[in-house]
Protein chains: 2
Amino acid sequence: MGQRNRLQYIILGLLNQQPQTGYDLAKAFENEIGEFWQAQHSQIYPLLKRMESAGDITHEDTVTGEKLAKKQYKLTPTGYQKLVDWVSEPSPELTPNKDEFILKLYFIKTADDPRLQPMLREQYQLHQAQLHHLQQRRKTVFADSTTVDHAYGHYLILDHAIERETHYVEWLAQYLNP
Amino acid sequence: MGQRNRLQYIILGLLNQQPQTGYDLAKAFENEIGEFWQAQHSQIYPLLKRMESAGDITHEDTVTGEKLAKKQYKLTPTGYQKLVDWVSEPSPELTPNKDEFILKLYFIKTADDPRLQPMLREQYQLHQAQLHHLQQRRKTVFADSTTVDHAYGHYLILDHAIERETHYVEWLAQYLNP
DNA sequence: CACGTCATGTAAACAGTTACATGATTCG
DNA sequence: CGAATCATGTAACTGTTTACATGACGTG
């Protein structure tokens with residue numbers, strides 16, 4: 001059965017925050033949420049149609065300017081209930097993680113392999129950059145300290161992403177030669 | 001082009017450590033390496049055939065006991081070169097990560113949502129258990145402290161997995177009510 | 001009016017999971 | 001001799017990426 005379509009629940013969650021278009025949804029995967037799930041518009045548009053057929057969402061055509069047609073999607077009560085059920089149900093399997101770089105390390109046999117230090121340095125740069133980007137996000141998104149009160153989940157996942165990158169960078173540093 | 005078949009390189013790396021069967025390879029994804037990549041036997045067997053056609057690996061039929069046929073696969077020089085190239089080439093894109101649980105958190109709006117604490121507790125248990133398992137692995141695999149010298153990569157990824165779980169657990173604990 | 005972004009879609013290929021299927025070996 | 005494990009494979013489906021395709025809007 002493949003793995004059970006988690007993307008649909010994420011879309012339900014996003015639409016519950018506010019009605020929006022497929023284009024908007026695709027954009028959402030470029031920020032914090034992209035740290036924990038990814039999807040392209042080519043996967044989103046067909047799924048939206050299937051979800052509408054299933055009765056979980058509906059759309060309203062709106063026209064911007066002269067004739068640019070947008071489809072504003074929103075939840076139906078059924079869709080809302082599906083979202084609530086998903087969030088409430090346990091998540092007893094740890095979602096499998098993948099990391100191509102860490103795997104490459106597995107095939108390095110000795111500490112003095114000349115490829116090791118350049119590899120570590122490259123990843124250090126990448127994760128450092130990612131960390132800075134996430135810290136900037138936190139500064140701008142939660143500039144107003146009261147924001148966290150009604151966007152607690154948003155705060156949590158951004159915090160988790162920052163912690164993850166912080167420790168990744170620290171781990172790399174530990175094995176980097178000065 | 002889909003995403004470029006990283007599994008084949010992992011298989012090359014595993015076969016470089018020692019010639020082995022498809023069954024053995026599938027097993028490898030149950031331990032440390034499973035922390036950073038996953039594959040079922042149904043994906044591995046067909047891929048081994050394709051890799052053999054491509055000239056990267058060869059196999060030898062061996063018979064155990066009365067008539068149990070095994071296929072022992074090993075690298076060809078071409079395959080070995082492919083492995084070296086893969087490990088040496090930069091890994092400039094961070095492999096996308098997925099985490100269903102963290103995503104669910106995103107849809108929790110306030111800190112007093114009654115679903116939050118049970119969710120955190122459940123994940124705490126899961127990651128705590130995973131952490132203990134990994135720590136046991138380290139104790140047994142690296143009981144002999146000289147093992148690390150010729151299995152440095154193995155040590156690195158196990159260490160990384162342990163660090164990752166340690167900080168995940170700490171992060172959860174931070175938001176758990178006493 | 002050109003360029004970047006907004007907006008929606010489809011097609012083809014590739015990756016990965018689940019289920020089906022079969023048989024041998026080992027150990028209690 | 002039954003159950004767990006070793007061992008190999010295929011089929012069907014689901015998930016995901018890449019590429020192709022089209023057109024409108026806003027700004028300089």
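Sequence lines set the chain letters: A, B, ... in the order given, protein chains first and strands last, and positions in each chain run from 1.
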Q: Counting only side-chain heavy atoms from C-beta out, which of dG16(C), dG9(D), dT8(C) sits nearest to Lys71(B)?
A: dG9(D)

Q: Can you tell me how far C1' of dT5(D) sits from CG of Asp24(B), to the nearest Å?
A: 13 Å

Q: Answer yes or no: does a side-chain N or O of Thr64(B) lie under 4.0 Å from OP1 or OP2 of dC6(D)?
A: no

Q: Please report the shortest heavy-atom distance between Ala39(B) and Leu7(B), naming the atom on each side.
A: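 For Ala39(B) and Leu7(B), the tightest heavy-atom pair comes out as CB-CD1, 3.8 Å.
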
Q: Could you say whether Lys67(B) or Lys27(A) is positioned toward the 5' end of DNA chain C, judged by the nucleotide with the nearest heavy atom to each?
A: Lys27(A)

Q: Between Gln38(A) (CD) and dT18(D) (P), how many Å, whole number?
A: 12 Å

Q: Contact list please: residues 39-53 of chain A against DNA chain C, heavy atoms, distance less than 4.0 Å, in numerical order.
A: His41(A), Ser42(A), Tyr45(A), Lys49(A)

Q: Tell me which of Lys98(B) and Gly22(B) sits closer to the 5' end of DNA chain D, going by the nucleotide each one is nearest to.
A: Gly22(B)

Q: Between C1' on dT16(D) and CZ on Arg6(A), what's the gap in Å once rounded to a whole number?
A: 14 Å

Q: Will you find, in the side chains of Glu165(A) and Gln135(A), an N or O donor that is under 3.5 Å from an N or O acceptor?
A: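 Distance-only check fails for Glu165(A) and Gln135(A).
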
Q: Can Tyr152(A) and Asp113(B) be counted as having a side-chain donor-acceptor contact under 3.5 angstrom?
A: no

Q: Using whole Å, report how far CZ of Phe29(A) lies from C1' of dT17(D).
A: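 Spelled out: CZ on Phe29(A) to C1' on dT17(D) is 14 Å.
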
Q: Look at the side-chain N and O atoms of Tyr23(B) and state whether any lies under 4.0 Å from the OP1 or OP2 oxygen of dC6(D).
A: yes

Q: With a 4.0 Å limit, can you tell me whether Lys70(B) has a side-chain N or O closer than that to the phosphate oxygens OP1/OP2 of dA24(C)?
A: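 It does not, given that no N or O in the side chain of Lys70(B) lies less than 4.0 Å from OP1 or OP2 of dA24(C).
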
Q: Report the C-alpha distance between Lys70(B) and Val63(B) in whole Å, list the side-chain angles of each, state the deciding distance to 0.1 Å, and finish with yes or no for side-chain contact (heavy atoms from CB on, under 4.5 Å).
A: CA-CA 6 Å; Lys70(B) 288 194 202 190; Val63(B) 174; over 6 Å; no

Q: What is the distance, to the nearest angstrom, from the CG atom on Leu68(A) to the P atom on dT5(C)?
A: 16 Å

Q: Take the protein atom CD1 of Ile11(A) and the nucleotide atom P of dG15(D), then report the distance between them rounded to whole Å.
A: 12 Å

Q: With nearest nucleotide decided by heavy atoms, which residue, Val63(A) or Gln72(B), maps closer to the 5′ end of DNA chain D?
A: Gln72(B)

Q: Checking salt bridge (charged side-chain N to carboxylate O under 4.0 Å, His left out) between Glu32(B) and each of Arg137(B), Lys27(B), Arg164(B), which is the one that passes?
A: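 Result: among Arg137(B), Lys27(B), Arg164(B), Arg137(B) is the only option passing the salt bridge (charged side-chain N to carboxylate O under 4.0 Å, His left out) with Glu32(B).
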
Q: Apply side-chain contact (heavy atoms from CB on, under 4.5 Å) to the pair Phe36(B) and Leu105(A), showing each step before the final yes or no.
A: CA-CA 11 Å; Phe36(B) 303 106; Leu105(A) 288 185; over 6 Å; no

Q: Less than 3.5 Å apart, any donor N or O on the side chain of Glu100(A) or Trp86(B) sitting next to an acceptor on the other?
A: yes

Q: CG of Leu25(B) versus P of dG9(D): gap in Å, rounded?
A: 12 Å

Q: Starting at atom CZ of Arg4(B), determine the distance to atom P of dG16(C), rounded to an integer number of angstrom.
A: 12 Å

